Protein chains: 2
Amino acid sequence: MTEGNPAGVGLRERKKRATRAALVAAAVRLAAEHGAEHVTVDAISEAAGVSARTFFNYFDARDDVFVMIGADASARVRQAVLAAPAELSPLEALRDAVAIELAEIEQQQELWRLHAEVLRHSPHLLARSLGAHMADELALAETLAERMGAGSPLFAGDRAGLGSPDDERRRRALGLHPRLLAAVGIAAVRVAVEHWCVRQDELAFADVFRETFDHLAAGLPAPAGPAGPADR
Amino acid sequence: MTEGNPAGVGLRERKKRATRAALVAAAVRLAAEHGAEHVTVDAISEAAGVSARTFFNYFDARDDVFVMIGADASARVRQAVLAAPAELSPLEALRDAVAIELAEIEQQQELWRLHAEVLRHSPHLLARSLGAHMADELALAETLAERMGAGSPLFAGDRAGLGSPDDERRRRALGLHPRLLAAVGIAAVRVAVEHWCVRQDELAFADVFRETFDHLAAGLPAPAGPAGPADR
DNA sequence: ACGCAAAGATGCAGAGTCTGCAAAAAGTGC
DNA sequence: GCACTTTTTGCAGACTCTGCATCTTTGCGT
């Protein structure tokens with residue numbers, strides 16, 4: 001662990017990132033052209049200029065290369081949630097943090113457009129992608145809990161993944177409310193993105209995004225009388 | 001024994017269901033014992049008494065056998081949502097429909113308990129399972145839209161899956177609100193189940209479930225109140 | 001009962017995915 | 001330049017999944 005890299009990270013690290021990016025770019029480009037199912041690891045690796053064996057040093061499965069796109073964005077969102085002004089509600093803080101991240105993504109439009117195209121044509125990958133996003137939910141719930149005054153930093157360790165050893169311990173330490181907030185917030189973001197994707201030409205994304213969170217804040221339904229949930 | 005099949009479907013259909021159930025049961029049992037990653041298709045097939053080739057007549061991928069458990073439950077939920085009394089809000093109708101389904105699942109406890117165990121130990125499968133559930137979201141959104149007075153039956157065709165040809169058309173026909181309701185409702189159910197799974201011994205599921213939807217109905221913005229998760 | 005057509009099960013060949021291992025190559029620090 | 005660490009690569013081998021041909025079972029009319 002040699003840090004202290006002043007201006008840039010070491011050459012090793014830079015090369016690694018470059019290789020990973022090259023693999024992702026090659027994969028998405030090939031998939032957009034020939035369909036994700038028909039793109040072999042060999043083809044991706046060759047297009048990226050590495051051996052097929054090396055591909056699996058970067059991704060646990062072939063499909064991951066189509067799913068691991070915004071892997072580090074969620075970490076930035078959590079950071080922004082913590083840093084948000086205290087007068088914002090948790091949901092508002094999340095909304096603004098995501099908005100910033102989405103705005104940045106719009107810069108790299110091209111790759112993301114292709115990526116969306118690939119997912120649209122491969123339901124299998126779409127499902128996988130959605131599942132992957134869920135993994136972030138626990139981390140976000142912890143961040144929200146921390147922000148909501150409970151104050152307990154809980155665990156500093158980050159992104160341990162769904163199945164990590166202390167995953168269960170972490171879940172136990174979380175209240176129901178932060179988890180619900182995280183789940184609902186992520187769901188709202190997803191719905192906004194999907195809704196806009198389907199009619200990009202008609203609507204501005206910012207509007208859809210705002211409208212979605214307005215619905216949420218307004219309390220979604222009209223609360224009516226109680227109806228005992230089926231107890232037995 | 002060639003009578004007309006009175007109440008039951010034909011023998012062919014019954015055998016098919018039996019085989020499918022046998023495969024699922026064998027897979028879950030083996031996975032609970034040896035870990036999902038170490039269970040081969042050959043082993044599952046042999047335990048179920050069919051050839052390995054036949055396995056793929058039932059599931060598109062090996063992992064699907066661990067994911068396709070409640071495949072038909074979602075259809076029943078949608079049906080119940082439509083049949084619910086008109087005075088219930090959409091979220092309430094969904095809540096009650098799901099409660100009924102979950103109560104029935106508690107009957108088959110054993111298989112589901114093993115299944116939960118398997119998912120807990122295999123993050124990969126958990127992500128996949130979550131992704132699969134998302135596929136139901138669109139169908140549920142349509143059902144909710146239909147219930148919410150818009151009245152247009154939209155498309156009768158059911159469970160066409162994420163990538164079906166008219167998938168896009170169907171998405172375009174849906175408003176933002178029903179989709180948000182569906183997404184949020186499913187997220188709430190998921191959080192309730194997960195939260196309860198982690199502390200089965202301490203809490204009654206019915207309570208967790210009710211509390212979760214109470215939070216939702218109350219409008220999520222946190223009262224920021226009780227700092228300490230007064231659990232334990 | 002008989003026989004035919006449809007549906008399902010099976011075996012096999014072959015392409016593709018993914019892992020462990022050990023040697024070669026490349027980056028890092030002295 | 002030299003030792004040390006990390007990464008890449010080739011290779012063997014197990015496993016996943018598909019297309020195709022064949023054989024068995026089931027549904028049904030006669």
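We name chains A, B, ... by the order of the sequence lines, and we start the count at 1 in each one. In this text the structure is predicted, and so the values were computed from the model without any measurement.
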- Message: As a quick check of understanding, evaluate salt bridge (Lys or Arg N to Asp or Glu O under 4.0 Å) for Glu142(B) and Arg78(B), giving each step before the final call.
- Response: CA-CA 9 Å; Glu142(B) 288 176 352; Arg78(B) 288 196 294 278; over 6 Å; no

- Query: CD of Glu46(B): more than 12 outside heavy atoms within 6.0 angstrom?
  - Reply: no

- How many Å lie between CZ on Phe59(B) and C1' on dC15(D), as a whole number? 18 Å

- Per nearest nucleotide of DNA chain D, the residue lying toward the 5' end, Val41(B) or Arg12(B), is Val41(B)

- note: Phe55(A), atom CZ; dG10(D), atom P; distance rounded to Å ~ 16 Å

- What is the distance, rounded to the nearest whole Å, between atom CZ of Arg14(B) and atom C1' of dT26(D)? 11 Å

- Message: The side chain of Thr40(B) is closest to which nucleotide in this list: dA9(C), dC15(D), dG16(C)?
- Response: dC15(D)

- Message: I need the CD1-P distance between Ile44(B) and dC15(D), as an integer number of Å.
- Response: 13 Å

- Query: Are Glu110(A) and Arg113(A) within salt-bridge range, i.e. N to O under 4.0 Å?
  - Reply: yes

- Message: Less than 4.0 angstrom between a side-chain N/O of Lys15(A) and OP1 or OP2 of dA26(C), yes or no?
- Response: no

- Query: Which part of the nucleic acid, if any, lies within reach of Tyr58(A) when heavy atoms closer than 4.0 Å are counted: base, sugar-phosphate only, or nothing?
  - Reply: sugar-phosphate

- Message: Just checking Gln79(A): does its CD atom have more than 12 heavy atoms from other residues, nucleotides or ligands closer to it than 6.0 angstrom?
- Response: no

- Note on the structure: When rounded to whole Å, the NE2 to C1' distance for the pair His124(A) and dT16(D) reads 12 Å

Quick test: give all pairs of protein nitrogen or oxygen and nucleotides 20-22 of chain D nitrogen or oxygen below 3.5 Å, distance rounded to 0.1 Å.
none

- Message: Heavy atoms only, 4.0 Å cut-off, all strands: where does Ala52(B) land among base, sugar-phosphate and nothing?
- Response: nothing

- What is the distance from NE2 of His38(A) to P of dT17(C), rounded to the nearest Å? 12 Å

- Query: So with a 6.0 Å cut-off around CZ of Arg62(A), is the heavy-atom count from everything else above 12?
  - Reply: yes

- His34(A) NE2 to dG16(C) P: how many Å, rounded? 14 Å

- Asn57(B) CG - dT18(D) P separation (whole Å): 10 Å

- So, is Thr54(A) near the phosphate of dT9(D), with a side-chain N or O under 4.0 Å from OP1 or OP2? yes

- Message: What's the closest nucleotide to the side chain of Phe56(A) if the choices are dT16(D), dT10(C), dC18(C)?
- Response: dC18(C)

- Message: Would you call the rings of Phe55(B) and Phe59(B) parallel, tilted or perpendicular, taking 30° and 60° as the class edges?
- Response: tilted

- Message: Check the orientation of Trp112(A) and His115(A). Use parallel for under 30°, tilted for 30 to 60°, and perpendicular for over 60°.
- Response: perpendicular

- Base, sugar-phosphate, or nothing for Asp60(B), non-hydrogen atoms under 4.0 angstrom? sugar-phosphate

